[in-house]
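Only one structure is covered here, and it is reproduced in the block below.
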Amino acid sequence: MATIDIKKILNKDKRSVARAITHIESGYDGAVELLEELHKFTGKAYKVGVTGPPGAGKSTLTLQLIKWFKKEGKSVAVICVDPTSPFTGGALLGDRVRMTEVSNLDGVFIRSMATRGSLGGLSGKAVDASDILDAAGYDIIIYETVGVGQSELDIAKAADTTIVVLVPESGDTVQAMKAGLMEIADFFVVNKGDRPGAEQAVAAIKTMLQFREHDEHTWWPAVIKTSAHENKGVDEVAREILRHKEHLETTGKLAVRRKEREKNRLEGIVEGAILSELWASGGAELLHGSISEVMGKQISPFRLAEKIVNSYREFLKEKNF
Ligand SMILES: Nc1nc2c(ncn2[C@@H]2O[C@H](COP(=O)(O)OP(=O)(O)OP(=O)(O)O)[C@@H](O)[C@H]2O)c(=O)[nH]1
Ligand SMILES: [Mg+2]
């Protein structure tokens with residue numbers, strides 16, 4: 001296994017950055033140490049989440065945003081989370097926008113992570129990867145996720161600004177609401193604005209937004225119509241990101257959000273560490289050994305859970321004395 005050169009990462013060397021991400025993605029030895037070393041160099045990047053239903057044009061929009069920010073002299077890294085999910089598989093696959101051409105540009109890094117089902121969850125690995133990109137000095141980090149499940153919502157929460165991309169087709173907004181996307185959106189994009197019904201979709205989202213809790217100090221999410229493949233409306237989207245960033249900074253909300261995020265991450269790390277110890281120290285055996293007793297009503301699930309926790313307490317006591 002090749003060693004990871006921290007200096008090269010800090011110098012934005014793409015190969016080293018890519019290797020480091022593979023390292024943490026695969027959970028190789030030294031992954032935690034690598035993240036530890038890089039930790040003091042993180043915190044400068046601005047994170048943008050782009051989420052929405054399959055095929056809405058998230059990648060197309062992201063490519064245009066990369067070009068926009070590059071013109072402004074910014075470097076951009078993109079993490080496409082789980083692009084091979086069943087939702088985009090099959091026939092739709094050939095339709096998906098390939099991001100590879102742009103990824104060869106200087107100051108642009110694009111990476112896909114198919115991390116579904118891996119230990120530590122989908123969001124954990126993507127957040128770790130973004131630490132590497134942050135330390136490498138990318139000004140903007142974009143997470144592209146398909147907004148269909150809880151883990152995608154988690155990733156959206158990991159961003160400073162979250163954009164929800166929808167299309168004019170009716171039913172899309174209702175689906176988005178059900179999936180909880182309405183709550184996490186800092187603003188909306190109705191892409192494929194060249195299709196019929198775009199104006200109605202914009203109006204429908206604006207109506208729905210009125211039911212969101214708000215006061216005069218609340219950020220009011222904009223609804224922007226785009227035709228990403230024709231680069232229409234992209235300028236407005238980029239400016240809205242910057243406007244939201246400024247809003248978060250001037251109101252002090254950015255610091256609050258980031259602190260909350262750090263707290264959640266820490267909770268996750270601690271819970272993960274305790275749980276894996278609990279299961280490894282005999283908890284898993286107890287569970288597997290007694291589950292049929294729960295099925296046979298000889299013991300309640302609550303009593304078995306208590307037994308498992310107690311056995312872990314015993315393990316800790318023995319370890320300390
Ligand atoms: N008509 C029209 N088509 C678009 C527009 N933007 C993107 N497309 C097309 O829609 C298809 C899907 O675009 P992608 O950018 O791959 O969509 P995505 O949301 O990233 O898709 P997944 O990552 O697979 O969920 C592609 O064929 C695009 O060319 C648009 O504004 N109008
Ligand atoms: Mg995509």
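This is a predicted model, so every value here is computed, not measured. Counting starts at 1 for both ligands and their atoms, following the listed order.
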Partner of Asp160 by salt bridge (charged side-chain N to carboxylate O under 4.0 Å, His left out), out of Arg257, Arg258, Lys253, Lys245: Arg258
Give the atoms of ligand 1, by number and element, whose distance to some non-hydrogen atom of Ser59 is under 4.0 Å. 15 (O), 18 (P), 20 (O)
Against heavy atoms of Asp194, which atoms of ligand 1 measure under 4.0 Å? 1 (N), 2 (C), 30 (C), 31 (O), 32 (N)
Closest heavy-atom approach to atom 13 (O) of ligand 1 among Leu61, Thr60, Val190 is made by Thr60
What residues, two or more places apart in sequence or in another chain, satisfy side-chain contact (heavy atoms from CB on, under 4.5 Å) together with Lys44? Asp134
Using salt bridge (Lys or Arg N to Asp or Glu O under 4.0 Å), reason through Glu230 and Lys232 one step at a time and then give a plain yes or no. CA-CA 5 Å; Glu230 297 169 327; Lys232 280 188 189 152; 3.5 Å; yes
Test of understanding: given a 4.0 Å heavy-atom threshold, classify the contact between Glu144 and ligand 1 as side chain, backbone, both, or neither. side chain
Is it the case that ligand 1 has an N or O less than 3.5 angstrom from some N or O of Gly55? yes
Testing the 3.5 Å rule here: is there a donor-acceptor pair between the side chains of Ser130 and Tyr138? no
Before signing off on this row, confirm whether Pro54 and ligand 1 have an N or O atom pair separated by under 3.5 Å. no
Begin from the C-alpha positions of Leu242 and Phe69 and carry the test side chain to side chain contact (heavy atoms under 4.5 Å, CB included) through to its verdict. CA-CA 11 Å; Leu242 297 178; Phe69 282 112; 4.1 Å; yes
Here the N/O/S atom of Glu144 closest to the Mg ion (ligand 2) would be OE2
Under 3.5 Å between some N or O of ligand 1 and some N or O of Thr226? no
With a cut-off of 3.5 Å and sequence neighbours excluded, list every side-chain donor-acceptor pair involving residues 270-285.
unit_1 : atom_1 : unit_2 : atom_2 : d
Ser276 : OG     : Gly272 : O      : 3.0
Ser276 : OG     : Ala273 : O      : 3.2
Glu277 : OE1    : Tyr312 : OH     : 2.6
Glu277 : OE2    : Lys319 : NZ     : 2.9
Ser281 : OG     : Glu277 : O      : 3.0
Ser281 : OG     : Leu278 : O      : 3.2

Short N/O/S contact of Ser59 with the Mg ion (ligand 2) (below 2.8 Å): yes
Using a strict 4.0 Å cut-off to heavy atoms of Ser227, name the atoms of ligand 1 that fall inside it. 31 (O)
For atom 8 (N) of ligand 1, tell me which residue out of Lys192, Arg195, Gln64 has the closest non-hydrogen atom. Lys192
For atom 30 (C) of ligand 1, the option (of Lys58, Lys225, His229, Glu230) bearing the nearest heavy atom: His229
Can you tell me if Thr161 and Asp186 form a side-chain donor-acceptor pair at under 3.5 Å? no
Take atom NZ in Lys8; do more than 12 heavy atoms of anything else shown fall under 6.0 Å from it? no
Touching ligand 1 at all, Lys232? Heavy atoms, strictly under 4.0 Å? no
Can you find a side-chain donor-acceptor pair between Trp68 and Asp235 that sits under 3.5 Å? yes
